[in-house]
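Quick note: numbers below take in every heavy atom, side chains included, and nothing from hydrogens, waters or symmetry partners.
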Amino acid sequence: MERIGLSSALWAERQRTLDISPLRDVLNPHLPRDARSRDKAWLTLPVAIFPKEPLLGFELTVDGERVSRLSRIETARMQADYIARLSSKAGVRTEAPQELLVAICKFAPASWIAFQAPSGDRLYGYLTSDGQRLTDREYRRLSVWSQVIQGHLAFLGLGNSGHSAADSPLLALPDLLKAKQETVRRRRNQPLPGLMDLEPALEQLARFLEECKMLAQSSRKNAPLGRKILKTYVDYGRRWVALADCEVPLDCPFIVTMSERRAVSVKKDRALRDAWCLRGVIPLEAVFNDAQSNHVAIEMTDPIIALVENKVEPLRVNGAPLAGRLDVNVCKSELCYISSSDPLRNHQIRVPCALQQSRLSRLIHWIIFGIILLTLAAVGLSYPLLHGLTPARLAMLLAPSTFAAALLLIRDSSPLSGDLTRALRRVIGAILASLWGAAVVLYLAGQVKDPVVPQAPRNDKICESFVVSSHEQQTSGLI
């Protein structure tokens, strides 16, 4: 059971629980005779698969006890041994280069992603960044073997990740070369190896993968093993496998729990018209075939963000439809639940979670957008229609719209909401700047004027008119 909580535009809180049945019947044939009567046994359990990214807040418990996972080098050695055992079982005659496989499995792509070549070919600069000498001709020779290996892996249809040493074995050569040089230094009085001394290992890896591909394409009974070897090789190069060295009970079930924070990113999907509908997509990956049944629950913990119903559909990692049958596939505004017990289901799935603002939040955004747009139109049309504005009318137009827009732009309830509304808030900010720009232009042009108030007659003129009127009345009376 894997629970994924979405509450931020940067991180997803993930918690995974494995319910493991009693292992006595499975392990007894492999245990020493003196250990078969014990209640517990020490095992190395594969508990999780992660993308090759930094792990944050990772915690692992087995049967209620906190344990730590094995180091990268120990895990890589076990992975290389597993590939060797698979190839021996499948009858592959070409032996896999163990040292190169270990380097590929333990390669961390962060160094390659962060590397910036000063000029020229980026991969060439990466290989020679530690002062190693490599001529253009030698680099082309190494690149040919890398292209041959990529051609053998294209049979799987998984694409090229761009930062995996399994897809481009040249990325693992600097680490492998350092390990070999360190070994030579201990022996002393021997020349240090260079990058070209690793070419035989690349050639051997290419021949090994070619034989596995030919086996997978054949009609022999062990043909599925050939495909499994290729798929395992690619998975080990692209993802971390968490192995836990722990003591577990043999006669009763136990639980393995893991929790971590994994980086996510909100992507824009044009099909959703996200810029105006305040929508986005967060692609999530999950392991879906490492138990008798797998369950994935994606929860939206942000109160003003909702999942788009009927828009969350699980797919393969490469975007193709899923194999096998889903037992449950329910998507509501706050929860997406997927489960399957079909043995033919895919090992990993990708769930593109379509997100949108809640109805109330969308309504508020559009109301403020309409208000500020109408205010800009009113200010712009004031000169041709009203021949200017009074200060009181201008303040009546600017104050409410400015306050509402500023409050919307500055304060946002969550980073995820802010990411979904970024496009609309930029438009509102541009309209607000245009509104104040138009107000300043009208003021400088003299179109913001005080209203003309009619003046009352002065007191001396009133007295003069009263005297004249009285004199006329007296004169008419005498006559």
Q: Look at the side chain of Gln15 and the backbone N and O of Thr257, then say whether any donor-acceptor pair between them is shorter than 3.5 Å.
A: no
Q | Charged N-O contact under 4.0 Å between Asp197 and Lys180 | A | no
Q: For Glu247, enumerate each residue passing the salt bridge (charged side-chain N to carboxylate O under 4.0 Å, His left out) test, keeping only those at least two apart in sequence or located in another chain.
A: none
Q.
Checking the side chain of Asp175 only, and the main-chain atoms of Ala103 only, is there a donor and an acceptor separated by less than 3.5 Å?
A. no
**Q.** Distance, nearest 0.5 Å, that separates CG of Leu195 from OG1 of Thr128
**A.** 8.5 Å
Q. How many angstroms lie between atom CD of Glu2 and atom OG1 of Thr17, to the nearest 0.5 angstrom?
A. 9.5 Å
Q.
Applying salt bridge (charged side-chain N to carboxylate O under 4.0 Å, His left out), can you list everything that pairs with Lys40, at least two apart in sequence or on another chain?
A. none
Q. Is any side-chain N of the basic residue among Glu211 and Arg207 closer than 4.0 Å to the acidic one's carboxylate O?
A. no
Q) CG/Leu134 to CZ/Arg140 distance, rounded to the nearest 0.5 angstrom? A) 10.5 Å
(Q) Strictly by salt bridge (Lys or Arg N to Asp or Glu O under 4.0 Å), give each pair with a member in residues 146-170 just once, sequence neighbours left out. (A) Asp167-Arg238
Q. Does a side-chain heavy-atom distance below 4.5 Å link Ile298 with Leu6?
A. yes
Donor-acceptor contacts under 3.5 Å from residues 75-93 side chains, at least two apart:
residue	atom	partner	partner atom	Å
Thr75	OG1	Ser71	O	2.9
Ser87	OG	Ile83	O	3.3
Ser87	OG	Ala84	O	2.7

Q: Could you grab the distance from atom SG of Cys353 to atom CG of Leu355, nearest 0.5 Å is fine?
A: 6.5 Å
Q. Any Lys/Arg nitrogen of Arg262 or Glu53 sitting under 4.0 Å from an Asp/Glu carboxylate oxygen of the other?
A. no
Q) What is the ring orientation for Phe115 with Trp112, classed by angle as parallel under 30°, tilted 30 to 60°, or perpendicular over 60°? A) parallel
Q.
Please enumerate all residues that pass side-chain contact (heavy atoms from CB on, under 4.5 Å) together with Val26, with sequence neighbours excluded.
A. none
Q: Verify whether one side chain among Ser143 and Tyr124 offers a donor that lies under 3.5 Å from an acceptor in the other.
A: no
**Q.** Sequence neighbours excluded - salt bridge (Lys or Arg N to Asp or Glu O under 4.0 Å) pairs with any residue from residues 213-232
**A.** Lys231-Asp235
